[in-house]
Protein chains: 2
Amino acid sequence: MSLFLAHGFEAVTLDAIAAAADISRRTFFHYFDSKEDILLAWESEAETAFFVAIADEPEGRTPLETVRDGLSKVVCRYETDQAMGIDRLLRSTEGLRARKQGNYERKEQALFAHLIARWPNPERRRDLRLTAMLAIGALRLAAEEWSADGGQRPLIAYLNETFAGLGSGPHAGFGVNKPEDGITPGGNKT
Amino acid sequence: MSLFLAHGFEAVTLDAIAAAADISRRTFFHYFDSKEDILLAWESEAETAFFVAIADEPEGRTPLETVRDGLSKVVCRYETDQAMGIDRLLRSTEGLRARKQGNYERKEQALFAHLIARWPNPERRRDLRLTAMLAIGALRLAAEEWSADGGQRPLIAYLNETFAGLGSGPHAGFGVNKPEDGITPGGNKT
DNA sequence: GAAGTTATATGCACTTAGTGCAATATTGCA
DNA sequence: TGCAATATTGCACTAAGTGCATATAACTTC
């Protein structure tokens, strides 16, 4: 990690990593499947904590509320300096950016599976799939904004705002005619 | 593409591709940045059509409605046999799955930029970011379900259902107490 | 049509990620 | 100590991707 932070992800070869870790190049691949996995493995530790948290959430709430509250209790884990450094590296190359998004999708699928186990009613299946998308999407947007702001305010603040926006925002009244509410559209096309 | 469909993505080497295309291996890299780009470049053609479509949408509707209607008019482009084959290939390796998700994120950002240009009111910025996330998320879920069903029903049917679910679904009444509405949670974890 | 100029195609050598296999070192245990 | 399981290593190999110099095609201008 310190090598990556110092010289960038691509500039550090596997030979350098192996040398710094005092292992052979070949042994490295017994611990990680790829160079990219070094960054990705880091993140997956917080994932189990997340699922434990939502499992511990009380019943009697909607799935999205449950996930939101569970998320709120674990997001602080992402707020370390390490996490910010990793996040910066994950945005440094196209392959890593893609891997990061792929990880979000994995999380989404895993969350969906958890939600189905907790609310097994088949009629709700589609709602739960949407819930998983919304929750992970909200987490992703919150982390994005937090990172863009340089982490000045705590991550949980962004998360709360994002979820609040989900409740009162763009699709509250979706399907209902609520045209523009006084805001002049300023498109430049046509 | 036919080589990939016949033997799988990883089994086809660049030498084979270059030979089949009657060009040298080196020349290949003047047309594509990587082997993966062959699959990804395909998809980007439909992307411009999408943005033209939402630009042509009439004013006076909410951003999410505008994007939904624009999307409805171009999703049929994804419904070719080619697209289904590509989609299958994109799920065949971890790297490609990640690249696909990364592409969705790129689309989301591009859509966000379009929405900002059309509704430049700064107060709406966060809503527009959410709108972009919801719209691309809905597209992603619709395509996922369509693909899982083997493309029996038309893609637009899944898209309509997904957007309808967004309006009446998991977060309609988010924040309002609407506990379980008679559905017994059947979690297996405590 | 010849000369020159630009863009495209190619060959070659090279770096690096990643894998398979067999050999070696290390650890744990009876 | 002896043995078995596991971890580590070296080596040879494949394949992706890059830099550079060169050749070939295409296009312009006189």
Side-chain angles (χ1 to χ4, degrees), chain A residues 1-45 47-48 82 85-106, chain B residues 1-45 47-48 82 85-106:
Chain A
M1 279 301 307
S2 53
L3 287 176
F4 286 153
L5 291 170
H7 311 111
F9 182 76
E10 298 198 289
V12 179
T13 68
L14 281 176
D15 290 291
I17 295 169
D22 260 320
I23 57 176
S24 76
R25 217 178 74 87
R26 194 64 189 77
T27 303
F28 168 86
F29 285 104
H30 289 158
Y31 289 90
F32 298 95
D33 286 339
S34 72
K35 196 177 161 188
E36 296 180 340
D37 267 19
I38 303 172
L39 283 313
L40 269 33
W42 217 276
E43 201 176 346
S44 70
E45 294 174 17
E47 203 166 319
T48 49
Q82 282 283 6
I86 293 173
D87 204 66
R88 189 163 55 81
L89 286 169
L90 284 177
R91 265 177 283 115
S92 66
T93 76
E94 191 55 40
L96 286 173
R97 291 199 327 117
R99 278 311 238 273
K100 181 183 171 183
Q101 297 307 319
N103 247 18
Y104 275 121
E105 203 260 357
R106 274 199 328 100
Chain B
M1 280 302 306
S2 53
L3 286 176
F4 286 153
L5 292 170
H7 310 112
F9 181 77
E10 298 197 290
V12 179
T13 68
L14 281 177
D15 290 290
I17 296 169
D22 261 317
I23 57 176
S24 76
R25 217 178 75 86
R26 194 65 189 78
T27 302
F28 168 86
F29 286 104
H30 289 159
Y31 289 89
F32 298 94
D33 285 339
S34 72
K35 195 176 160 188
E36 297 181 340
D37 267 19
I38 303 173
L39 283 312
L40 270 32
W42 217 276
E43 201 175 344
S44 69
E45 294 173 16
E47 203 165 320
T48 49
Q82 282 283 6
I86 293 173
D87 203 66
R88 189 163 56 81
L89 286 169
L90 284 177
R91 267 179 281 114
S92 66
T93 76
E94 191 55 40
L96 286 173
R97 291 198 328 115
R99 278 310 240 270
K100 182 184 172 184
Q101 298 307 317
N103 246 20
Y104 275 121
E105 204 259 357
R106 273 198 331 98

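- Taking 4.5 Å as the limit, some side-chain heavy atom of A:Leu40 sits within range of a side-chain heavy atom of A:Asp37.
- Annotation: salt bridge (Lys or Arg N to Asp or Glu O under 4.0 Å) contacts of A:Arg106 (sequence neighbours excluded): A:Glu47.
- In this view, A:Glu10 satisfies the salt bridge (Lys or Arg N to Asp or Glu O under 4.0 Å) rule with no residue, not counting sequence neighbours.
- You'll find the side chain of A:Asn103 stays beyond 4.5 Å of the side chain of B:Gln101, heavy atoms only.
- OP1 and OP2 of C:dT8 both lie 4.0 Å or more from every side-chain N or O belonging to B:Tyr31.
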Could you write out each protein N or O paired with an N or O of nucleotides 21-27 of chain C at a distance under 3.5 Å?
none

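- Side-chain contact between A:Glu105 and B:Tyr104: absent, with no pair of heavy atoms (C-beta onward) separated by less than 4.5 Å.
- Residue B:Thr27 has no polar side-chain atom (N or O) positioned under 4.0 Å from OP1 or OP2 of C:dA9.
- In this structure, the side-chain contact (heavy atoms from CB on, under 4.5 Å) partners of A:Ala16, at least two apart in sequence or on a different chain, are A:Val12, A:Thr13.
- Across the protein-nucleic acid pair, B:Phe32 atom CZ and D:dT18 atom C1' stand 18 Å apart, rounded to whole Å.
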Walk me through whether A:Ile17 and A:Phe4 qualify under side-chain contact (heavy atoms from CB on, under 4.5 Å). CA-CA 9 Å; A:Ile17 295 169; A:Phe4 286 153; 3.8 Å; yes
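- Sorted by first and then second residue, the pairs that involve residues 22-31 of chain B and meet side-chain hydrogen bond (donor to acceptor under 3.5 Å, both in side chains), not counting sequence neighbours, are B:Ser24-B:Thr27.
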Are any protein N/O atoms closer than 3.5 Å to N/O atoms in nucleotides 15-18 of chain C? If there are, list each pair with its distance.
unit_1	atom_1	unit_2	atom_2	d
C:dA17	OP1	A:Lys35	NZ	3.1
C:dA17	OP2	A:Leu14	N	3.1
C:dG18	OP2	A:Lys35	N	2.8
C:dG18	N7	A:Arg25	NH2	2.9
C:dG18	O6	A:Arg25	NH2	3.0

